[in-house]
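Order of the sequence lines sets the chain letters (A, B, ...), proteins ahead of strands, with each chain counted from 1.
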2 protein chains.
Amino acid sequence: MEKTSFSSSPCSIARSLDVLGDWWNPLIIRECLYGVHRFDEYQKHLGIGRNILTRRLKQLVGEGLLERRLYQEKPQRYEYHLTEKGYDAARVLLGFMSFGEKWYFDSGKDPIRLYDRDSGAQVVPLLVDAATKKPIDPQKLYAGPGPGFPESDVVRRERFDEFFRRKSEVEPNKTT
Amino acid sequence: MEKTSFSSSPCSIARSLDVLGDWWNPLIIRECLYGVHRFDEYQKHLGIGRNILTRRLKQLVGEGLLERRLYQEKPQRYEYHLTEKGYDAARVLLGFMSFGEKWYFDSGKDPIRLYDRDSGAQVVPLLVDAATKKPIDPQKLYAGPGPGFPESDVVRRERFDEFFRRKSEVEPNKTT
DNA sequence: GGTATTGAGTTTCATTATGCAACTGACTAT
DNA sequence: ATAGTCAGTTGCATAATGAAACTCAATACC
């Protein structure tokens, strides 16, 4: 397998996939969000092999999404809790939820619902543009290099068709 | 490996992971979103093995996220395009982007930016509650069974600690 | 006409990760 | 003294991956 690490890729998606692009890690984070924190509970709820659970937990702790918390001294026992980064990863899971609900369950028959801890009101995640607060339609997007895009990476620039086409309409003299 | 399919799990996250819980599928969808549609282009951009690219494309077409489009008759040649479902999956990718940008790149140095096709304005994805339009804080959420949750699945109900605790505060007579 | 190139895949094979089951070690409850 | 809980390890068969070479079919070059 050799797992092809994307940790050096200049793409936020690829970077995230290093820790979230797998079957178990998101599910472990989900359980944590639902209030599961101990080894055997993860194992039972997920049906994951104990060996790979060990590995996944180590990875998630190593990546800073979970923290190990000693909850008992006598035989040392640890719980796993979400860090701030872990909670941010959970936000990605909400994306999975919305997608899954729409495409795999009849509408109105969603298996799980989310509520606000303060108000108790149901929470329905929606992806919007931060500025206009309007829902995002991926079909109406195009991508371009940002400030952190490596100048050197000429090959990958090929992808940003639309960006450069539009740019050259604005500055027709500069031919990239 | 035996890939443990979650297709029957009563969880939207698990269901989504069947097709998105992998390193390549999200990246293929990303490329598609950036305007890449042909076999050799995927292979070059992603550095993915041609054999597994074949399998992934088949899976994505089979799952209905991509559609094969004949673009040349003589030697039959196909392009892969996002379906509506595929574009919805792309919405999940935006979640990955936000996460990756925040945790793996200095702020203001995001490698890739998104723009609106109509207005040309930059688009910044943000997860909000559909009703209140306020940003979602995963720390302030708790989960409970929805209308589609299988009554039979008593084991998994254990997870919804907070939900049942709160419920019994409201209806203290009914002890679940 | 013969050779090279492109596009889209297969095939083969060594390397890794996974799932399963059994085992260890430290303690606790009966 | 025996059974049970919790958190892992260890060992092994099996399945997925990555890399490179190979197959077709057709067009482009000379």
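Relative orientation of the B:Phe96 and A:Phe96 rings is perpendicular, given thresholds of 30° and 60° on the angle between their planes.
Using a 4.5 Å cut-off between side-chain heavy atoms of Ile, Leu, Val, Met, Phe, Trp and Tyr, A:Tyr78 falls into a hydrophobic cluster with A:Leu70.
Between B:Glu31 and B:His37, the closest side-chain pair of non-hydrogen atoms is not below 4.5 Å.
For the residue pair B:Tyr80 and B:Arg68, a side-chain donor N or O sits within less than 3.5 Å of a side-chain acceptor on the partner. The closest side-chain donor-acceptor pair between B:Thr132 and B:Asp129 falls under 3.5 angstrom.
The distance from the CZ atom of B:Arg30 to the CD1 atom of B:Ile112 is 6.5 Å, given to the nearest 0.5 Å. Atoms CG and CZ, from B:Leu94 and B:Phe99 in turn, are 15.0 Å apart once rounded to the nearest 0.5 Å.
Between B:Trp24 and D:dG18 there is a side-chain polar atom (N or O) within less than 4.0 angstrom of OP1 or OP2. Phosphate contact (OP1/OP2 of C:dG9, side-chain N/O of B:Tyr80, threshold under 4.0 Å): present.
Between its opening and closing five pairs, the helix from C:dG1-D:dC30 to C:dT30-D:dA1 changes axis direction by 0°, a value rounded to 10 degrees.
Mapped onto DNA chain C by nearest heavy atom, A:Asn51 and B:Phe39 fall at different nucleotides, with B:Phe39 at the one closer to the 5' end. Taking the nucleotide of DNA chain D with the nearest heavy atom to each of A:Glu41 and B:Gly49, the more 5' of the two is matched to A:Glu41.
As rounded to whole Å, 16 Å separates atom C1' of D:dG8 from atom CZ of A:Arg38. What separates NZ of B:Lys58 from P of C:dA8 is a distance of 14 Å, to the nearest Å. Regarding A:Leu66, its CG atom lies at a distance of 14 Å from the P atom of D:dA7, rounded to whole Å. Put simply, CD on A:Gln43 is 12 Å from P on D:dC6, counting in whole angstrom units. Atom-to-atom, CG of A:Leu53 to P of D:dG8 comes out at 8 Å; the value is rounded to the nearest Å. Counting to the nearest Å, the P atom of D:dA7 and the CD1 atom of A:Ile48 are 15 Å from each other. Atom CZ of A:Arg50 and atom C1' of C:dA17 are 19 Å apart (whole Å). Rounded to whole angstrom, the span from the CG atom of A:Asp40 across to the C1' atom of D:dG8 amounts to 9 Å.
Closest to the A:Ile52 side chain, of the nucleotides C:dA8, D:dC6, C:dT18, is C:dT18. When the nucleotides D:dT9, C:dG7, D:dA7 are ranked by their closest atom to the side chain of A:Tyr71, D:dA7 comes out on top. Ranking C:dG7, D:dG18, C:dT18 by closeness to the A:Arg55 side chain, first place goes to C:dT18.
Checked for salt-bridge contact, B:Lys102 and A:Asp88 meet the test: a charged N lies under 4.0 Å from a carboxylate O. Between B:Arg15 and A:Glu101 there is no salt bridge, since no side-chain nitrogen of the basic residue lies less than 4.0 Å from a carboxylate oxygen of the acidic one. With salt bridges taken as basic N to acidic carboxylate O contacts below 4.0 Å, none links B:Glu79 and B:Arg69.
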Protein and nucleotides 26-30 of chain C: nitrogen or oxygen contacts under 3.5 angstrom:
unit_1	atom_1	unit_2	atom_2	d
C:dC27	OP1	A:Lys74	O	3.1

